[in-house]
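Whatever order the structure lists ligands and atoms in, that order sets their numbers, starting from 1. Throughout, numbering of the chain's residues begins at 1 and tracks the sequence.
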Amino acid sequence: MRSQSQARRTQTKIALQERARVVKGQNDLWAQIGNTPLLRLRRVAQELPEGIEVFAKAEHLNPGGSVKDRPALAMILAGERAGLLTPDKIILDATSGNTGIAYAMLGAARGYRVALCLPANANVERKRMLRLYGAELIETDPQTGADGAQLRAQEIAAREPQTYFYPDQYNNDANWRAHYEGTGAEIWTQTEGRVTHFVAGMGTSGTLMGIGRRLKEHNSRVRVVAVQPDSPLHGLEGMKHYATAIVPGIYDPSLADAQLEVATEDAYTMARRLAREEGLFVGISSGANVTAALRLARTLPAGSVVVTVLCDDGARYLSEHFWEEKQDD
Ligand code: PMP
């Protein structure tokens with residue numbers, strides 16, 4: 001009997017919660033972006049000295065499968081508020097893939113056409129995902145990488161300003177602000193203010209700038225560590241080698257307290273370990289972030305709380321061979 005009335009009470013509670021969500025507009029796809037879990041890494045971190053904790057913000061669990069859902073939504077909303085994004089406009093930007101997937105998903109959900117400049121060698125999963133959401137792909141010379149895609153988007157937007165809304169993620173403050181207002185604030189709450197170090201790689205640098213600024217504002221002793229590929233020719237999808245690339249306008253070099261370089265092979269190894277030892281199927285840059293976070297954690301005193309980011313879902317790298325290599329490492 002008790003269980004029947006309990007079940008009824010639970011049902012009523014769920015119905016009321018559902019109703020509250022409908023009233024607040026929480027049933028929209030874009031309302032599901034953010035509020036991701038903060039996961040404790042245990043097995044890959046088990047060799048760390050006692051008393052050091054490493055956490056990963058699970059951004060791959062956003063509806064579009066990456067950390068870029070947040071800035072894409074923020075840039076779209078800012079464009080709408082400013083009257084620059086109107087229903088007749090096509091959203092156009094350069095992307096290594098994830099921002100594009102987020103724009104394409106949100107464009108479909110909010111009724112906008114989307115056109116994306118991306119290097120022609122972007123992998124098959126990314127291109128298929130973008131097309132299935134209905135986006136138009138403008139493929140650029142692989143030799144010129146992300147910079148080439150950025151220059152092409154700039155050129156098209158300048159030529160036809162009436163046709164396109166060009167958020168320009170590398171120079172748009174709404175990008176880092178999405179992480180300042182969302183991701184950074186969430187990490188502060190989820191660690192109950194115990195976070196001592198934040199470690200993340202940089203593409204546009206929006207993640208590092210937004211979260212870093214927010215955490216330092218809460219506690220100026222929080223150390224922010226920027227992760228970069230160890231060479232210009234690297235396989236850390238989504239990350240930039242700043243010494244040899246166009247530096248984003250939103251990047252402030254004075255924010256990070258330290259820099260760490262990660263080799264592509266090490267990121268591959270960690271991506272495999274995250275899948276096999278933690279059950280976390282995430283991409284290469286997540287592997288790079290966790291590699292850097294663990295390397296830093298080894299040098300820290302007990303009581304340190306290191307936070308990093310799982311940037312995207314592993315399924316968008318399924319066709320890549322690094323998953324199978326070196327089965328026994
Ligand atoms: N990892 C992946 C897989 C990405 O797509 C991106 C975005 N380019 C990043 C990391 C870096 O994020 P941000 O642009 O915020 O620096």
State the atoms of ligand 1, each with its element, that fall below the 4.0 Å cut-off from a heavy-atom position in [X].
{"X": "Met202", "answer": "16 (O)"}
{"X": "Tyr317", "answer": "3 (C)"}
{"X": "Thr204", "answer": "13 (P), 14 (O), 15 (O), 16 (O)"}
{"X": "Glu237", "answer": "1 (N), 2 (C), 3 (C)"}

Drop me the distance from Glu217's CD to Tyr180's OH, to the nearest 0.5 angstrom.
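Taking CD in Glu217 and OH in Tyr180, the distance rounds to 3.0 Å.
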For atom 1 (N) of ligand 1, tell me which residue out of Gly238, Ser286, Ser285, Ala178 has the closest non-hydrogen atom.
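Checking each option, the heavy atom nearest atom 1 (N) of ligand 1 is found in Ser285.
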Winner among Thr95, Asn175, Asn98 once heavy atoms are compared against atom 5 (O) of ligand 1
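The option holding the nearest heavy atom is Asn98.
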Does only the side chain of [X] get under 4.0 Å from ligand 1, or the backbone, or both, or neither? Count heavy atoms.
{"X": "Ser205", "answer": "backbone"}
{"X": "Asp312", "answer": "side chain"}
{"X": "Gln169", "answer": "neither"}

Using a plain distance cutoff, I'd like to know if Val67 has any nitrogen or oxygen under 3.5 Å from a nitrogen or oxygen of ligand 1.
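Val67 vs ligand 1: no N/O contact under 3.5 Å.
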Does any N/O atom on Gly203 come nearer than 3.5 Å to any N/O atom on ligand 1?
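It does: an N or O of Gly203 is found under 3.5 Å from an N or O of ligand 1.
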Step through the shown structure and confirm whether more than 12 heavy atoms of other residues, nucleotides or ligands are within 6.0 Å of [atom1] on [X].
{"X": "Arg128", "atom1": "CZ", "answer": "no"}
{"X": "Arg113", "atom1": "CZ", "answer": "no"}
{"X": "Arg221", "atom1": "CZ", "answer": "no"}

Less than 3.5 Å apart, any donor N or O on the side chain of [X] or [Y] sitting next to an acceptor on the other?
{"X": "Gln169", "Y": "Thr99", "answer": "yes"}
{"X": "Asp266", "Y": "Thr291", "answer": "no"}
{"X": "Asp93", "Y": "Thr95", "answer": "no"}

What orientation do Tyr242 and Tyr251 show, parallel under 30°, tilted 30 to 60°, or perpendicular over 60°?
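If you compare the ring of Tyr242 with that of Tyr251, the planes turn out perpendicular.
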Closest protein heavy atom to atom 7 (C) of ligand 1, given as residue, atom name and distance to 0.1 Å
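Answer, as residue, atom name and distance: Lys68 CD, 3.5 Å.
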Among all protein heavy atoms in this structure, tell me which lies nearest to atom 15 (O) of ligand 1, with the distance rounded to 0.1 Å.
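Going by distance alone, atom 15 (O) of ligand 1 is nearest to Thr207 OG1, 2.5 Å.
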Is any side-chain heavy atom of Ile187 closer than 4.5 Å to one of Phe55?
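When only atoms from C-beta onward are counted, Ile187 and Phe55 do not touch, as no gap falls below 4.5 Å.
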